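Read the structure below first, then the notes.
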Amino acid sequence: MQRVLPLLAFLLLAVLLAAGIWLAQVRDPNKIPSPLIGKPAPAFSLPSLHEPDRMVESSELKGRAYLLNVFGSWCPGCRDEHPVVERLARSGQLPVIGFNWKDERADALRWLAQFGDPYALIVVDFEGRTAIDYGVYGAPESFLIGADGNVHYKHIGPLTWADVEAEILPRLAAANATGATP
């Protein structure tokens, strides 16, 4: 029995290791479920990037669906996804609201001047407190907010056009077909 126990312990550890490797291969790390899905988006009152003296209330955005895109000039992934955000905004299917996170105003403005400004509006969360309310892990992240003010989808990491086609646009099409909000 003393010789069998170490062998059993080794086999158990090998099975656990294999299960961990298998889970890492089949589970997408960008598909972390958000507790906000189906719930009202957290309320905020944040300054506008382009009009620093103007405070934007989240209630101003209610009544239409939009994509809230968390970005920062310091974020390499934000640069990767920027052409996708521009394409979505140009399509006219969904307004994109920028959420500039933990950034310096001058840096954000310079970044937008260099890469383009596809946003219908940009709010700034200098301190990151509102981002905590949204459960932001890091930039970039995107939230599909319905006309009802609820969070309907969260994407962690750079958006690709495949993500837009597979996750965002179908939710909008379904909402338009049924008259519901996405």
Side-chain angles (χ1 to χ4, degrees), residues 28-91 93-160 163-164 167-168 171-172 181-182:
D28 185 350
N30 291 333
K31 301 281 187 201
I32 298 171
S34 171
L36 292 178
I37 303 297
K39 296 182 180 158
F44 62 77
S45 178
L46 294 170
S48 164
L49 179 67
H50 294 295
E51 302 171 69
D53 295 333
R54 175 181 171 224
M55 294 302 285
V56 176
E57 306 292 327
S58 56
S59 60
E60 296 173 36
L61 302 172
K62 198 168 181 181
R64 65 179 177 159
Y66 61 93
L67 187 74
L68 185 69
N69 179 246
V70 179
F71 78 98
S73 65
W74 45 266
C75 164
C78 299
R79 185 175 179 180
D80 293 341
E81 83 167 359
H82 199 69
V84 174
V85 173
E86 286 182 308
R87 182 176 174 189
L88 178 60
R90 271 194 322 269
S91 77
Q93 297 179 71
L94 181 69
V96 182
I97 306 299
F99 186 97
N100 186 240
W101 182 46
K102 290 190 171 186
D103 208 352
E104 295 295 326
R105 182 174 185 276
D107 293 340
L109 291 171
R110 188 172 29 259
W111 191 86
L112 291 166
Q114 181 179 357
F115 297 110
D117 183 352
Y119 301 107
L121 171 71
I122 303 172
V123 295
V124 182
D125 187 10
F126 292 113
E127 310 232 342
R129 291 189 179 128
T130 301
I132 291 170
D133 295 339
Y134 275 83
V136 171
Y137 292 96
E141 289 189 18
S142 296
F143 297 84
L144 178 61
I145 312 294
D148 58 0
N150 289 341
V151 177
H152 292 272
Y153 175 70
K154 177 181 180 180
H155 182 83
I156 298 171
L159 277 173
T160 65
D163 297 323
V164 170
E167 300 292 344
I168 295 169
R171 285 176 169 82
L172 289 174
T181 56

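Residue indices begin at 1 and follow the sequence shown. What you are looking at is a predicted structure, and each value in this text was computed from that prediction instead of being measured.
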- Item | Asn69 versus Glu141, side-chain donor and acceptor atoms under 3.5 Å | no
- Query: About how many Å separate CG of Leu46 and CG of Leu121, when rounded to the nearest 0.5 Å?
  - Reply: 10.0 Å
- If every non-hydrogen atom of Ala139 is compared with every non-hydrogen atom of Val70, which pair is closest and at what distance? CB-O, 4.1 Å
- Message: Do Arg171 and Glu167 have side chains that approach each other closer than 4.5 Å (heavy atoms only, starting at C-beta)?
- Response: yes
- Heavy-atom check, side chain of Leu144 versus side chain of Leu94, under 4.5 Å: yes
- Note on the structure: Output for pair (Phe143 CZ, Leu68 CG), nearest 0.5 Å, gives 7.0 Å
- Under 3.5 Å side-chain donor-acceptor pair for Thr160 and Asp163: yes
- Message: Take a 6.0 Å sphere around CD of Glu57 and say whether it holds more than 12 heavy atoms from other residues, nucleotides or ligands.
- Response: yes
- Would you say the side-chain atoms of His82 pair up with the backbone N or O of Gly116, donor to acceptor, closer than 3.5 Å? yes
- Would you name the heavy atoms of Ile37 and His152 that are closest together and state the gap between them? CD1-C, 3.9 Å
- Task: Could you tell me whether the side chain of Ser48 reaches within less than 4.5 Å of the side chain of Asp53, counting heavy atoms only?
- Result: no
- Query: Going by heavy atoms in the side chains, are Pro118 and Arg90 under 4.5 Å from each other?
  - Reply: no
- Query: Any side-chain heavy-atom pair from Leu109 and Leu49 closer than 4.5 angstrom?
  - Reply: yes
- Message: Within the 4.5 Å heavy-atom criterion, are Ile122 and Ile97 side-chain neighbours or not?
- Response: no
- Which atoms form the tightest heavy-atom contact between Cys75 and Pro140, and what is the distance? SG-CD, 3.5 Å
- Task: Evaluate the criterion side chain to side chain contact (heavy atoms under 4.5 Å, CB included) for residue pair Leu61 and Ile145; output intermediate values, then yes/no.
- Result: CA-CA 9 Å; Leu61 302 172; Ile145 312 294; over 6 Å; no
- Would you give the length of the straight line joining atom OG1 of Thr130 to atom CG of Asp125, rounded to the nearest 0.5 angstrom? 4.5 Å
- Task: Kindly say whether the aromatic ring centers of Tyr119 and Phe71 come within a distance under 6.0 Å.
- Result: yes
- Task: Say whether, by atom type as modelled, one donor and one acceptor occur between the side chain of Lys62 and the main chain of Asn150 under 3.5 angstrom.
- Result: no
- Kindly state whether the ring of Trp101 and the ring of Phe126 have centres lying under 6.0 angstrom apart. no
- Query: Between Ser142 and Glu81, which heavy-atom pair has the shortest distance, and what is it?
  - Reply: OG-OE1, 4.4 Å
- Query: CG of Asn100 to OG of Ser73: how many Å apart, nearest 0.5 Å?
  - Reply: 7.0 Å
- Message: On a heavy-atom basis, which atom in Leu67 and which in Leu88 lie closest, and how many Å separate them?
- Response: CD2-CD2, 3.7 Å
- Item | Crowding at CZ, Arg105 (>12 non-hydrogen neighbours, <6.0 Å) | yes
- Query: How far apart are the closest heavy atoms of Asp103 and Ala108, and which atoms are they?
  - Reply: OD2-CB, 3.7 Å
- Message: I'd like to check Pro47 versus Arg54 (side-chain heavy atoms, cut-off strictly below 4.5 Å). Are they in contact?
- Response: no
- Query: Can you tell me how far CE of Met55 sits from CD of Glu60, rounded to the nearest 0.5 angstrom?
  - Reply: 10.0 Å
- Just wondering, do Tyr134 and Phe44 contact through their side chains at under 4.5 Å, heavy atoms? yes
- dist Trp111:CH2 -> Cys78:SG (nearest 0.5 Å) comes out at 6.0 Å
